[in-house]
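What you see below is based on every heavy atom in this structure, not just the backbone, and it leaves out hydrogens, waters and symmetry mates. In what follows, every chain begins at residue 1, and chains take the letters A, B, ... in the order their sequences are listed.
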Amino acid sequence: MKYASVIVDVPAMQTDRAFDYKIPEEWQELVTPGMRVIVPFGPRKIQGFVIEIKNHSEFKRLKAISELLDLTPCLTSELIQLGQWLTEKTLCFKISAFQAMLPAAMKAKYEKALGLTTDDVTELVEQLQPFFKNGNQVDLKELEQTVSLKMIQKEIEQGHLEVIYKVKQKGNKKTIKIIKRNESLLRLTELIKELPANAKKQIEIISYFTTNEINEIALQDLLIEANTSDASVKALISKGILKEEIKEVYRDPYQDRHFEKTKRLILNNEQQQAITPLIKTINENVHDVFLMYGVTGSGKTEVYLQSIEEVLNNGKEAIVLVPEISLTPQMVHRFKGRFGSKVAVLHSGLSTGEKYDEWRKIQRKEVQLVVGARSAIFAPFENLGMIIIDEEHESSYKQEENPRYHARDVAIYRAKLHKCPVVLGSATPTLESFARSKKNVYKLLTLKERVNKRSMPQVDIIDMREELRSGNRSMFSTSLIEKLTERLEKGEQSVLFLNRRGYSSFVMCRDCGFVIQCPHCDISLTYHRHGQQLKCHYCGHEEQMPNVCPECQSEHIRFFGTGTQKVEEELVKVLPHSRIIRMDVDTTGRKGAHEKLLTRFGNKEADILLGTQMIAKGLDFPDVTLVGVLTADTMLHLPDFRASEKTFQLLTQVSGRAGRHELPGEVIIQTYTPEHYSIQLASQYDYDSFYNHEMQLRKNHAYPPYYYLALLTVSHPEITKVVSVTEKIVQFLRRNVENETKILGPVASPIPRIKDRYRYQCMVKYKREKNLHETLRKIIEHFQQEMSSNDLMIAIDLSPNTMM
DNA sequence: AGCACGCCGACT
DNA sequence: GTCGGCGTGCTC
């Protein structure tokens, strides 16, 4: 007799362990670790993951697995192990770790229904009787709307009704019907004559098979091609001449796109030097981490492509991670063009079903390469030959919700197991990675020249304070307008970049200075042109834009700050004849809208592309010769120790968008702090100096990479509770950490209240702290009751990206 | 997370 | 005396 250890789908501290189940006789040999099952849990039924098969169980009153959801495990043994590791590393629940590895379609949904337990409907209360006219089950949600719960409860007590717990799958395999011939072509030709003459349509169908000499065809195609209805097809099937088969098909998001085969390019000297050690590790089957530091346009991608080719030739698989926002069609094209149908693509633009299908291709070993965003790092490959993380510095590789993992850490963990290399690529590596390469923990591969030998575009820093002094109160400097006009005249294109983070349009009274804030969060509301609404970006609260100031009744209340809409309006005023494409969340909301706008810009249907973060990455248009950054320093003032680093990265990234082809490019950076080193050094493309300068600061302030961080955020509706809990935590930490570890706090979070919950935090800065995870676990355990009963929340982020 | 069980106050 | 509030503890 075998038993299954199951991790159940209940994300709670008390259930964060395996539960044992009997395996029914008929599945004894079938159930293996990594399969999803449905199990009884208390009174209900829920989904779970089998993580182990055992011959004994300590527990006496075992229940049996009620259903199998997979016949092939969806988690490989490696992924089960990885899940355990993730759980410890990020202090998340086991179930959350497993769920993070799978496409959303495989997560269960739960529903409750009421079932009739008697044959005689009239035993029920009259009011309930009509609901069971068409069957003996009714959806509970539906019933709740019209009937009181009490009445239902009574009926359950009397044994007339029962609650049925249902587990539903979200997405599923898409299938089509295939019609096959059941006879030889020769026999079919004979059959045409044998069929009754009035069976015209049937004859037509058979002729279609014989004249085209085909064995099978999709039903929907056959109906069109042979111009018939499925009644005739059914008739032939029942006669045994044809047969029907169900076939799983993939929703292919790229099916009507043609990818021209691209050939490998000749590598230049630098690229050759970079790829050699990489190829060596690939062929020798050893684990290593490479940092490929290559300036924009230095041809990193070609190095990726050729090393992947090597991996695939060795019969192994590869994962390429790309930041969500640069997973553009251009990017996909490069991989599909080289490797065709061997590639699966995973990103958030796909529907749940499409993601599931791409994932299935990986599981069934139909592809050898995955290109995708963060979660693609969990691709269920079993024979990994290499993992590439492009734009390694991107903060989106860190998941900001549980499990708070960093894709880079997962990549290195998996690569160690598979004895294969990890390649981290960037033009502006994170300080962490570059520091590791200096210590030779990562092997540094450097690409200093651009492939086309062009120098980087000239960058001009414009001091906006000067502009203000000389009477220019607009958001465009004289120089920027001049250069934009110049491009318009020459028929060249420009890109304007608005860095909006931490600088959205808030509403302020000009008389008393009152700023309208969210009633539930301590943050100012954002003005939305659409319907004159004020919106909170944290809790979704909405209200109407007032006509007068709520404080002083002044009419001089208006919105400040710079949204893309506002910039567009202003721009049209200054350059009335320019054609502008605006790209932001509003214009790219719909699926495919993003791509359409870019195509239009590429076709030169506009002169100026205006947008936020999303246009900073990977765009490559030959006629763009001017890039303008409207406000370079907004991000600098966020409460974030990485603010300078992010600013440097962004400016470097954006500058790389200009003059990528024959035409030379120019960059304008507008700022109120032109002397800031991250702006100065970005304009000189001087990563090394930036690195040295920033490292010194990090050292002085005890930040990464000199120290590791852990951020604990406590939240509760009452501020006194929050403060006292955080205080207790800090005291406990102080008693349990090493001497050189620093503990900051308790302090209010940068956003002190979200959704009516007060937030306090404490930051742990440590170098070596062997037992930190254990200590943090103890803290959670200590507050466990309060967390489940008293609405208390403690969030722990190990190596947080920001302090928010 | 759900859900049952169980112990106290305010009503028919 | 009963209904129903939510604190406590369990789920293989």
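Of the listed nucleotides (B:dC3, C:dC12, B:dA1), C:dC12 has the atom at the smallest distance from the side chain of A:D20.
Contacts between residues 43-65 of chain A and DNA chain B, counted as heavy-atom distances below 4.0 Å, involve A:P43, A:R44.
In this structure, CE of A:M13 is placed 18 Å from P of C:dT11, rounded to the nearest angstrom. Atoms CD1 (A:I23) and C1' (C:dC12) sit 13 Å apart, rounded to a whole Å. Here B:dA4 presents its P atom at 14 Å from CZ of A:F41, a figure rounded to the nearest Å. Computed from coordinates, the A:Y110 OH to B:dA1 P distance equals 14 Å when rounded to whole Å. Rounded to whole Å, atom P of C:dG7 lies 17 Å from atom CD of A:Q784. The CD-P distance, from A:Q153 to C:dT2, rounds to 17 Å in whole Å. Between the P atom of C:dC10 and the CD atom of A:Q785 lies a distance of 13 Å, rounded to the nearest Å. Spacing between atom CG of A:N402 and atom P of B:dA1 amounts to 12 Å, rounded to whole angstrom units.
Taking the centre of each ring, A:Y405 and A:F378 come in below the 6.0 Å mark.
Nearest approach of A:T15 to A:V10, heavy atoms of both residues: OG1-O, 2.8 Å.
Distances shown here put a side-chain N or O of A:K150 below 4.0 Å from the OP1 or OP2 atom of C:dG4. Taking only side-chain nitrogens and oxygens, A:Y165 comes nearer than 4.0 Å to OP1 or OP2 of B:dC3.
Using a 4.5 Å cut-off on side-chain heavy atoms (C-beta onward), A:F59 and A:Y21 make no contact.
Both tests do not hold together for A:R735 against A:F732: distance to the six-membered ring centre under 6.0 Å, angle to the ring axis within 45°.
Among the atoms of the strands shown, base atoms are found under 4.0 Å from some heavy atom of A:Q14.
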### Query
Are A:Y110 and A:Y165 close enough, and set up right, to give a ring pair (Phe, Tyr, Trp, His ring centres under 6.0 Å), and what steps lead you there?
CA-CA 7 Å; A:Y110 301 101; A:Y165 296 88; 9.4 Å; no
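A donor-acceptor contact closer than 3.5 angstrom links the side chains of A:T122 and A:D120.
Taking 4.0 Å as the cut-off between side-chain N and carboxylate O, A:E543 and A:K535 do not count as a salt-bridged pair.
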